[in-house]
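Remarks on the structure that follows.
Values reported hereafter were calculated over all heavy atoms of this structure, with side chains retained and with hydrogens, waters and symmetry mates removed. Each ligand, and each atom within it, is numbered from 1 in the order the structure gives.
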Amino acid sequence: MLWACQSQPQPEVSDNYREPHRPQIHFSPPSHWMNDPNGMVYYEGEYHLFYQHYPDSTVWGPMHWGHAVSTDMIHWEHLPIALYPDEHGYIFSGSAVIDWNNSSGLGENGKPPMVAIFTFHDPEGAKAGTNTYQTQGIAYSNDKGRSWTMYEGNPVLGNPGLRDFRDPKVSWHEPSQRWVMILAVGDHMALYNSPDLKNWTHLSDFGQGVGAHGGVWECPDLFALEVEGTSQKKWVMLASINPGGPNGGSATQYFVGEFDGQTFTREWPADPKDSVWVDYGKDNYAGVTWSDIPPEDGRRLFLGWMGNWQYAQVVPTEKWRSAMTLPRVLSLHPLGEKGYVLRSEVVAEARKLRTNEQSLPAQGLTTPLQLQSSSPPLELFLSIQLPPAEALAEVTLSNAQGEQMVIGYDGNTQHFFVDRTQSGDASFSEDFAGRHIGPRYTSSDTLSLHLFVDVASVEVFADDGSSVMTEICFPSVPYDQIQVHAQGGKLLEGKLWQLKSIWHEE
Ligand code: FRU
């Protein structure tokens, strides 16, 4: 069965998502350019995914909102473009909500409207060197996101003279009975509220002099999460920055604290000079969470753009450019006196892609373990007992061309790493090849590594998702060999699955 492309107006799907490097378990657009996920909202059984899209080229350009829906966040149906540039400008990133009480008055027939809140980017104003070319607008749909109307009173939030003024993420704040908007404004986030999604009042700012500032702040999010194992809730703020990520280029940092409906107060990282990251790999940017997940589900569901502005526009794909990460559940865990860690785990819905399960018997790993595998997509779970002194554990994905992705944990430096130095084509950018690292948050001698390997990416969730690294790769032929090695270490438990393509049944 073909899951994609049924209602795209000009379906360019002759090769059915089988091109070289085409992700098989990740969302990618049928053709042309994609960046940030936008407007993620759940309504009447459907997860909506809008995305920054330029339908005329495989590089960034006048931004539209592409659109797809899913009943499981795994299999996607492409829908026609939702939002087109208009007299106010290109349609930059933003969010969508269900206006349950029809506070905006934009609903029809007693049903709540779906309202998108986004940034207009006026290219003329930008070219002319003004400071006011980014404003916020809204659009609404009364047919489950299938057709959209621009609000006639746009923009709903004018620009006070701030060059970077974008990417509104809106949610309903129950205690104050107001919509709260978090907006990225250059080197900080600004908070606003509104009774009706049309009239916005500035509340407070957060971020100057706090966290990483190697680049401009973008694509914020702000939500409450229960601290696992307690009945306490904390607020988590996501702040994507570009450049200035821990391994170069684009990445998403986070802060944990309190939000009282007016002001966000940071508690973690405790030292304002520190920064902590949702994902330490180079290819998870501009990620935010779904709105309106029903309380009986209760998950905080996240999706990021699997790209990095350093090289996203020159990666070696011709028909389309880029993909999203797998959807993930975020959870907040205490770290003793050290604070908190935000964990990510792939949604349980992805388990239905599993096939050909292989259990790997417990065994020593001093002699490298060669797994019987076919090509990606696949999922690998390993629980490894590290040797006390020399703790090095590595998983090597390779092909007969000698190309390889090496993923592992280095006990000498206490870092996880993904090494894509020899992963295949890296000729398109000097920022691509390299060995990238992320921290470990436990000193346990047992390590869990959970890997999702697609045709052109690896997502690593270590220690139950406490340490995450997402990296793309472009091998000339698929990796078809997997080796696990840990000098003096032991495999306690392991599982390998072949995964079914989300685009084909075969
Ligand atoms: C982040 C970003 C956003 C902006 C959009 C434009 O990747 O730069 O800040 O809204 O992309 O496409």
Residues, nucleotides or ligands: over 12 heavy atoms within 6.0 Å of R266 CZ: yes
Ring pair (Phe, Tyr, Trp, His ring centres under 6.0 Å) partner of W148, the single match among F50, Y140, Y84: F50
Subset of ligand 1 atoms that lie under 4.0 Å from at least one heavy atom of W60: 6 (C), 12 (O)
Atom indices of ligand 1, in the order listed, that fall short of 4.0 Å to a heavy atom of Q52: 5 (C), 6 (C), 12 (O)
Parallel, tilted or perpendicular: ring planes of F452 versus H450, cut at 30 and 60 degrees: tilted
For M63, atoms of ligand 1 separated by under 4.0 Å from a heavy atom: 12 (O)
Listed partners of E218 passing salt bridge (Lys or Arg N to Asp or Glu O under 4.0 Å), at least two apart: R166
Atom 8 (O) of ligand 1 [closest protein heavy-atom partner, distance rounded to 0.1 Å]: E218 OE2, 2.9 Å
Contact check, W309 vs ligand 1, heavy-atom distance below 4.0 Å: yes
Closest approach of any protein heavy atom to atom 2 (C) of ligand 1, naming residue and atom: D36 OD2, 3.4 Å
Residue and atom name of the nearest protein heavy atom (relative to atom 4 (C) of ligand 1), distance in Å to one decimal: D167 OD1, 3.5 Å
Option from W268, F206, W235 for which ring pair (Phe, Tyr, Trp, His ring centres under 6.0 Å) with F255 holds: F206
R166 neighbourhood, listing ligand 1 atoms whose heavy-atom distance to it stays under 4.0 Å: 3 (C), 4 (C), 9 (O), 10 (O)
Per-residue contact class, T119 against ligand 1 - non-hydrogen pairs under 4.0 Å: neither
Ion pair check, E258 and K234, cut-off under 4.0 Å: yes
Residue part near ligand 1, for Y285, under 4.0 Å between non-hydrogen atoms: side chain
For F92, atoms of ligand 1 separated by under 4.0 Å from a heavy atom: 4 (C), 6 (C), 10 (O)
Numbering as shown, the atoms of ligand 1 that approach S93 to under 4.0 Å (heavy-atom distance): 5 (C), 10 (O)
Any side-chain donor near an acceptor of the partner, S147 and D143, under 3.5 Å: yes
Under the side-chain hydrogen bond (donor to acceptor under 3.5 Å, both in side chains) test, residues paired with H88 that sit two or more places apart: none
